[in-house]
Student: 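Sharing a structure, written as structure tokens. Questions coming.
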Amino acid sequence: ERAFAYARQRGQEIIALQFLTSDLYHYGHNDLIATRPSKRQFLTHIRNEVIERAKQSALQLNKLAQSLGVTLKIHFIETEDIVSTVVKRVSKDCEIVFMAREKKSFFPLLKRPLEESIARRVTCEVVAC
């Protein structure tokens, strides 16, 4: 909502990067008992679920954008390296990056927050909301 309000006030468009990923991919790749075909079936099922959730989320974002009169472009991206992908995609004329606040981690000391990792590598402001 903050990103939409920001874009609306300035008459700018929003470019949304929607990352298609799941923690369950790890289990599909590293299951020691499962056969190759069952791993592939599990990973395909997870991918289909991730894509379906992304479509539903995109529909909601598009409805919000239309209701506020904001132009919205959504890019669907499948990657595990979110930080590098955001850094590559942020253009030089980007003023601000809005991102969803990360869920709390069980081991926060072992991993730098996504917002901080991105902010260290881009020149624009990064806001988690």
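The figures here come from the full heavy-atom set of this structure, side chains too, leaving out hydrogens, waters and symmetry mates.
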Student: Tell me which pairs pass salt bridge (charged side-chain N to carboxylate O under 4.0 Å, His left out) where either residue lies in residues 53-71, with sequence neighbours left out.
Tutor: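 Applying salt bridge (charged side-chain N to carboxylate O under 4.0 Å, His left out) to every pair that reaches into residues 53-71, excluding sequence neighbours, yields nothing.
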
Student: For residues V70 and L64: do they belong to one hydrophobic cluster (side chain heavy atoms under 4.5 Å, members Ile, Leu, Val, Met, Phe, Trp, Tyr)?
Tutor: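 Same hydrophobic cluster.
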
Student: When hydrophobic residues are tied together by side-chain contacts of less than 4.5 Å, even through go-betweens, does V122 share a cluster with I82?
Tutor: yes

Student: In Å and rounded to the nearest 0.5 Å, what is the CZ to CZ distance from R47 to R40?
Tutor: 14.5 Å

Student: Taking I96 as the starting point, is it possible to reach F4 by hopping between hydrophobic residues whose side chains are less than 4.5 Å apart?
Tutor: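 Result: no, two separate clusters.
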
Student: I14 and A7: which non-hydrogen atoms are nearest, and at how many Å?
Tutor: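 Scanning both residues completely, I find the closest heavy atoms to be CG1-CB, 3.6 Å.
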
Student: Going by distance alone, is a donor N or O of one side chain under 3.5 Å from an acceptor N or O of the other, for Q56 and Q60?
Tutor: no

Student: Quick one: are R89 and I77 in side-chain contact, heavy atoms under 4.5 Å?
Tutor: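 Answer yes - side chains close enough.
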
Student: Can you name the ring-ring contact (aromatic ring centres under 6.0 Å, His included) partners of Y6, sequence neighbours left out?
Tutor: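 Y6 satisfies ring-ring contact (aromatic ring centres under 6.0 Å, His included) with F98 once adjacent residues are dropped.
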
Student: Counting only heavy atoms not in E116, do more than 12 fall under 6.0 Å of its CD?
Tutor: yes

Student: Using a 4.5 Å cut-off on heavy atoms from C-beta on, say whether the side chain of F19 contacts that of V86.
Tutor: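 Side-chain contact under 4.5 Å: yes.
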
Student: Same cluster or not: are V127 and V90 linked, directly or through other Ile, Leu, Val, Met, Phe, Trp or Tyr residues, by side-chain heavy atoms under 4.5 angstrom apart?
Tutor: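 Different clusters: V127 never reaches V90 through Ile, Leu, Val, Met, Phe, Trp or Tyr contacts under 4.5 Å.
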
Student: Can you pull out every salt bridge (charged side-chain N to carboxylate O under 4.0 Å, His left out) where at least one residue sits in residues 7-22? Sequence neighbours excluded, please.
Tutor: E13-K73

Student: Is there a path of hydrophobic side-chain contacts, each under 4.5 Å between heavy atoms of I/L/V/M/F/W/Y residues, joining I51 to I74?
Tutor: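 Yes, it is one cluster - the side chains of I74 and I51 are joined through contacts under 4.5 Å.
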
Student: Here's a test for you: under side chain to side chain contact (heavy atoms under 4.5 Å, CB included), which of V126, V83, V87 qualifies with S117?
Tutor: V83

